[in-house]
Amino acid sequence: MGDKKQDELQMIPVYIMGKKYDVPAELTIMKAMEYAGYQLIRGCGCRGGVCGACATVYRKAGDYKIYTGLACQTVAEPEMYLAQLPFYPANRATYKFDEIEAQAETIFALYPELFRCVACNACTKVCPMDVQVMDYIAELKRGDIEKAAKTSFDCIQCGLCASRCMGELPQYHIAQLARRLAGGKLAPRSEHMAEIVRQINDGAFDKWIADLKAMDQDQLKEVYSNREMEPHMGDENWRPKENRGLVS
Amino acid sequence: MKLAYYPGCTLKTKARNLEDSALAALKALSIEVKELDRWNCCGAVFSLADDDLIHHIAPVRNLIRAQEEGCEGILTLCSQCYNTLARAHNLMIDDEEKRDTINRFMDEEPDYKGEVQVIHYLTYLRDHVGWDALREKVKTPLRDLRVAPFYGCSLLRPDDVAIEKDPTILEEFLSALGAQTVSLTEARECCGSYQSLANPDAEQQRLGKIFGAVNRSGANAIALSCPMCEYNLGRQQHQLLEQNANLTATPTYYFTQLLAVALGIEAGVCHFDLNGKPAFELLKEKSYIVSAAS
Ligand code: FES
């Protein structure tokens, strides 16, 4: 927008919680709301399309469909009906991760409401990340934890699925449990990780850290500015010259 | 006909013995089937309320998945999945108004107009392999087994989804495996279904009647195709026996386990541990078991 005056901007009408506002075209939904005077404390986070805090629901004039998107990424259109959801309540089961097993029965016991799913697919339709939500619920009903972890991988935990569920499931919490079980108990252990932890514990990097700690601010700045970075188009064979931090 | 295989949820958890034996048997018969890429629970029970369409969404969606994969048929094993899918399929053919409502509700999917035939494994064996051809493939005829086939409800009722009217299909199948069969009226009745949880006394009476008939017939094994029947007749049998000293224990098997054993398939695939010890012991005693180790 820069320093353009308001009357030079092309304005579009939007409805925020039912009230009409004229906002500059090409703003994101989030910025349109802020332009209209709303201060977003919840339902807003990174502003970069990463954190998932700003998942939003909107409608368009003359269309029965519910639309969703990230408010910080989706550009407002004329006649949009907008509101920002700060949070949608959904129960998360508590468990001690060390004490549960990566089995279908674990999920059934913690989330028995899983079986209230009727495959209506409203969850999938509302997902701003295009996750096949109903599919991962179906996979969990048959105990396929690994597949559900993959299917739900792009979930940003916005909770819109739970808001639409006629079975009242907290899908995204169930999926998170599945991913934890898959990652923590089913996926093969990474051997090099164990090795580097051993080296850390043996003090292999202590001197390096101590050197850093001893530097003054200017030295630190210099080291930081001159750090070696992976080239943007680096291929998989790229290796850093600085390799003190790699497993030896 | 291109077929999609629909396992159903129970076969992936509590009834692995049904699925794994069935798939191994198909392989031994040189039949290839491919599981649907995407599928959801069928709902397990076909909703009877006239205005309750939402519970038909799940089975119809599976039929759509099969259609999307270019399949003309969907092959099922579990009696309850078979029943639910077949009835939903019929509903979509017979009731134009409901079909439209259901199709319009699923506005993210292609319409379904009844393009996919629902086929039970048993019917498939009969029609695509044939009993004579099956008999020839049998390596271990189950001669000393006297088997009572138990049909239960889901394969037989209502009429329009019955895999056979006045069924003899299980008897013919078991005969092809070399077993003797006994046909019982009680084997065409309900196993008690979910009453085992809601009304255990009525369930026990029902089971008492079934096992009375099984015992009188001299059967030493029961063959079935439904995880619900297997739960009531198999897993819960010990309760019945504790309360009725006059009844004799009779191991239960999924029909596909007997098929796999007769085809000489290594017994590990059948997961007999899920049936309980006596089931395995009986087959071992008759020297029918082929184990990977030996
Ligand atoms: S604010 Fe983080 S994704 Fe929009």
Side-chain angles (χ1 to χ4, degrees), chain A residues 59 63-68 101-128 130-148 150-152 161 164-169 171 174-175 178 181 186, chain B residues 5-16 18-20 35-47 49 51-66 68-69 76-78 80-81 84-85 88 101-110 112 194 197 227 274:
Chain A
R59 294 201 190 241
D63 186 348
Y64 75 88
K65 283 272 164 206
I66 293 176
Y67 293 91
T68 59
E101 284 186 64
Q103 281 174 353
E105 287 71 21
T106 302
I107 295 179
F108 300 169
L110 288 168
Y111 291 104
E113 61 270 42
L114 191 63
F115 294 97
R116 290 168 53 84
C117 170
V118 294
C120 75
N121 211 26
C123 48
T124 306
K125 289 187 189 174
V126 84
C127 178
D130 295 330
V131 171
Q132 294 292 336
V133 184
M134 185 198 75
D135 280 12
Y136 76 64
I137 290 297
E139 285 152 12
L140 288 175
K141 277 172 103 171
R142 55 184 188 255
D144 197 340
I145 296 174
E146 279 169 297
K147 193 158 186 213
K150 288 202 180 95
T151 308
S152 70
C161 47
R164 294 284 295 145
C165 182
M166 66 189 300
E168 296 158 285
L169 276 68
Q171 294 91 329
I174 311 181
L181 290 172
L186 294 173
Chain B
Y5 166 56
Y6 177 85
C9 305
T10 311
L11 275 70
K12 296 291 182 188
T13 50
K14 296 206 159 39
R16 284 229 76 101
L18 175 51
E19 172 168 56
D20 289 359
E35 183 176 319
L36 275 175
D37 278 339
R38 294 171 66 198
W39 55 272
N40 51 264
C41 168
C42 70
V45 181
F46 182 79
S47 176
D51 56 356
D52 176 27
L53 298 189
I54 193 68
H55 288 101
H56 301 317
I57 298 293
V60 172
R61 210 182 279 285
N62 287 313
L63 300 170
I64 293 173
R65 296 280 177 262
E68 278 175 332
E69 291 189 20
T76 67
L77 260 170
C78 163
Q80 286 192 290
C81 294
T84 309
L85 292 171
T101 309
I102 289 172
N103 278 330
R104 263 186 282 113
F105 178 79
M106 288 194 271
D107 59 0
E108 77 280 23
E109 309 279 12
Y112 185 73
Y194 294 105
L197 298 172
L274 294 171

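Throughout, protein chains are lettered first and strands after them, A, B, ... in sequence-line order, and every chain is numbered starting at 1.
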Novice: Counting only non-hydrogen atoms closer than 4.5 Å, does Tyr64(A) touch chain B with its backbone (N, CA, C, O), its side chain (CB onward), both, or neither?
Specialist: side chain
Novice: Are there more than 12 heavy atoms of other residues, nucleotides or ligands under 6.0 Å from atom CZ of Arg142(A)?
Specialist: yes
Novice: Does the side chain of Lys14(B) reach to within under 4.5 Å of the side chain of Glu105(A), using non-hydrogen atoms?
Specialist: yes
Novice: Within a reach of under 6.0 Å around CD of Glu108(B), are more than 12 heavy atoms found that belong to other residues, nucleotides or ligands?
Specialist: yes
Novice: Using 0.5 Å steps for rounding, measure from the CD atom of Glu139(A) to the SG atom of Cys41(B).
Specialist: 13.5 Å
Novice: Could you give the distance from SG (Cys120(A)) to CG (Asn40(B)), rounded to the nearest 0.5 Å?
Specialist: 10.5 Å
Novice: Please look at Gln103(A) and chain B and tell me whether the side chain, the backbone, both or neither of the residue comes under 4.5 angstrom of a heavy atom of that chain.
Specialist: neither
Novice: Can you tell which part of Asn121(A) gets under 4.5 Å to a heavy atom of chain B, answering side chain, backbone, both or neither?
Specialist: both
Novice: With a 4.5 angstrom heavy-atom cut-off, which part of Lys141(A) approaches chain B: side chain, backbone, both or neither?
Specialist: both
Novice: Between Thr10(B), Leu11(B), Asp107(B), which residue shows the highest count of heavy-atom pairs closer than 4.5 Å to chain A?
Specialist: Asp107(B)
Novice: In terms of heavy-atom pairs under 4.5 Å, which option from Arg61(B), Lys12(B), His55(B) contacts chain A the most?
Specialist: Arg61(B)
